[in-house]
2 protein chains.
Amino acid sequence: MSAALTRSEKKRQDILAAAKQAFQQEGYDKTSMDRIAKLASVSKRTVYNHFESKEVLIMTLMAEMWQQVMHSPAVHFKPDVPVREQLIELLLREIEAMSDEEFLALNRVAFGYFFFEPDAMKRQLERMGVQETAMMSWLKAASESGQLKPLDANQASTQLHGLIKAEAFWPQMLRIAPVLTEPERVSLAERSADLFLSHYQA
Amino acid sequence: MSAALTRSEKKRQDILAAAKQAFQQEGYDKTSMDRIAKLASVSKRTVYNHFESKEVLIMTLMAEMWQQVMHSPAVHFKPDVPVREQLIELLLREIEAMSDEEFLALNRVAFGYFFFEPDAMKRQLERMGVQETAMMSWLKAASESGQLKPLDANQASTQLHGLIKAEAFWPQMLRIAPVLTEPERVSLAERSADLFLSHYQA
DNA sequence: TTTGTACACTACACTGTATAGTTTACTTTG
DNA sequence: CAAAGTAAACTATACAGTGTAGTGTACAAA
């Protein structure tokens with residue numbers, strides 16, 4: 001079913017790809033519809049045949065990118081596996097997720113667009129932060145099982161996210177550092193887990 | 001000498017204040033020179049008499065905000081004071097610095113302006129990150145004195161900053177959470193120091 | 001106290017350009 | 001041939017920056 005794109009559908013994809021690239025690199029305001037058309041090798045009219053306005057275009061784009069990105073598998077706490085091993089696994093997944101080019105691209109587009117609209121920004125970040133819930137339930141379970149000390153799951157989750165985002169998200173989203181390599185990710189997950197467990201392991 | 005502003009100097013200040021507000025709330029692109037003039041209760045021509053272009057205006061603004069913000073006192077490691085106490089003090093200072101409204105405002109303006117120019121963004125962040133150097137030398141000294149385990153000062157500094165920025169910088173810069181109250185700051189400094197020291201204290 | 005002078009400020013019209021979105025006349029493709 | 005695409009000109013608007021004629025203010029000379 002995937003190669004069976006009609007010409008029209010292909011044009012649509014081209015336009016979305018062009019918009020993704022342009023919005024990511026230049027931002028919404030500085031990207032003209034003429035430029036998107038040119039980048040997509042499509043006439044401007046065709047852009048408007050598929051998307052009735054620039055606003056609709058970026059919204060559709062963000063919605064579709066969202067689809068691609070959202071697949072949180074939800075890791076459950078297993079009482080029989082060592083906490084360290086589990087935590088490293090969990091952190092590694094989060095690091096992989098935030099290192100995904102598509103995820104970064106979505107964030108760049110959304111940040112550029114919502115940066116000056118705190119309410120929309122907040123909603124956006126809350127959607128993104130669904131993972132935090134998964135981590136929080138893992139932390140709660142690990143704590144209740146007695147393998148971690150009693151803790152404020154919210155605080156602990158924020159700490160863990162702070163640790164990994166400082167190296168694996170913010171610099172990449174701002175394009176001031178390249179995406180982490182696999183060994184770097186493993187090292188980050190291990191160091192973060194070790195720091196965390198030194199304090200929280202029962 | 002402070003109240004002795006000529007009319008011209010006052011107008012200049014009004015314009016900069018208006019620009020600060022507008023650029024912070026709406027962003028560079030969406031803020032017109034007409035709007036700035038109106039906000040400053042000044043004619044558009046006066047804006048151009050003081051600043052030859054919009055570009056010069058925002059650059060001047062950022063430079064002046066930079067002056068106000070940059071005053072890093074540099075904390076030195078004292079072998080005779082308990083590490084925990086010193087670290088909390090150091091973290092608290094960093095938290096205060098990043099909670100400063102002027103600092104946040106500068107960051108919002110600069111982010112909005114540089115977000116899509118990675119090179120300029122990088123330079124900006126490197127200037128901002130001067131504090132990180134101070135923290136790193138404290139960490140090195142503390143480690144060499146034997147009070148902290150041997151550590152990679154760079155990594156350790158990133159971890160500490162990750163911990164505090166997750167609560168005291170990113171949410172505030174994005175306007176999705178209010179600036180921390182004094183007790184919240186103390187709590188954050190203590191929790192971060194304790195987590196860190198559980199792992200790194202010798 | 002009045003008058004003269006320099007200069008910054010104001011109001012407003014104007015130029016030039018960029019850009020969202022539309023229209024039209026014609027072409028390509030399934 | 002019908003649906004979708006193309007190129008290019010067009011409308012409407014916003015906005016950076018300029019030019020100008022006149023006004024307000026500070027300050028000094030008379």
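Order of the sequence lines sets the chain letters (A, B, ...), proteins ahead of strands, with each chain counted from 1. Computed from a predicted model, the values in this text were never measured in an experiment.
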Notebook entry, point to check: What is the distance, rounded to the nearest whole Å, between atom CG of B:L57 and atom C1' of D:dC15?
Noted result: 15 Å
Next item on the list: Quick one: sort the A:F103 and A:F169 rings into parallel, tilted or perpendicular, breaks at 30° and 60°.
Entry: tilted
Check: Any side-chain heavy atom of A:F116 sitting closer than 4.5 Å to one from B:R175?
Finding: no
Next item on the list: Grab the CG-C1' distance between B:D34 and D:dT18 for me, whole Å please.
Entry: 13 Å
Margin query: Which residues pass the salt bridge (charged side-chain N to carboxylate O under 4.0 Å, His left out) test with B:R84, not counting sequence neighbours?
Written below: B:D194
Next item on the list: On DNA chain C, reading 5' to 3', which nucleotide is the first and which the last to sit with an atom under 4.0 Å from a heavy atom of chain B, could you check?
Entry: C:dA8 to C:dA11
Check: Between the side chains of A:Q159 and A:Y200, does any donor sit under 3.5 Å from an acceptor?
Finding: yes
Margin query: Return whichever of B:E52 or B:R7 has its heavy-atom-nearest nucleotide of DNA chain D closer to the 5' end.
Written below: B:E52
Margin query: How many whole angstroms separate atom OH of A:Y48 from atom C1' of D:dC10?
Written below: 14 Å
Check: Which residue, A:R45 or A:T31, contacts DNA chain C at a nucleotide closer to its 5' end, judged by nearest heavy atom?
Finding: A:T31
Item checked: Spacing between A:D14 atom CG and D:dT6 atom C1', to the nearest angstrom -> 15 Å
Next item on the list: Check the side chains of B:T158 and B:Q155 for a donor-acceptor pair under 3.5 angstrom, ignoring hydrogens and angles.
Entry: no
Note to self: Does D:dA26 have its OP1 or OP2 closer than 4.0 Å to a side-chain nitrogen or oxygen of B:T6?
What the structure shows: no
Next item on the list: Starting at atom CZ of B:F51, determine the distance to atom P of D:dA16, rounded to an integer number of angstrom.
Entry: 15 Å
Note to self: Counting the atoms with a prime plus P, OP1 and OP2 as sugar-phosphate, which does B:T46 contact under 4.0 Å by heavy atoms, base, sugar-phosphate, or nothing?
What the structure shows: base
Check: Counting heavy atoms not belonging to A:E52, are there more than 12 under 6.0 Å from its CD?
Finding: no
Notebook entry, point to check: Can B:S187 and B:R191 be counted as having a side-chain donor-acceptor contact under 3.5 angstrom?
Noted result: yes
Notebook entry, point to check: A:K11 side chain N/O closer than 4.0 Å to the phosphate oxygens (OP1, OP2) of D:dT6?
Noted result: yes
Check: What about B:K54, does its side chain sit under 3.5 Å from the base of D:dG17 through a donor-acceptor pair?
Finding: no
Note to self: How many whole angstroms separate atom NZ of A:K10 from atom P of D:dG5?
What the structure shows: 12 Å
Next item on the list: Starting at atom CD of A:E9, determine the distance to atom P of D:dA3, rounded to an integer number of angstrom.
Entry: 17 Å
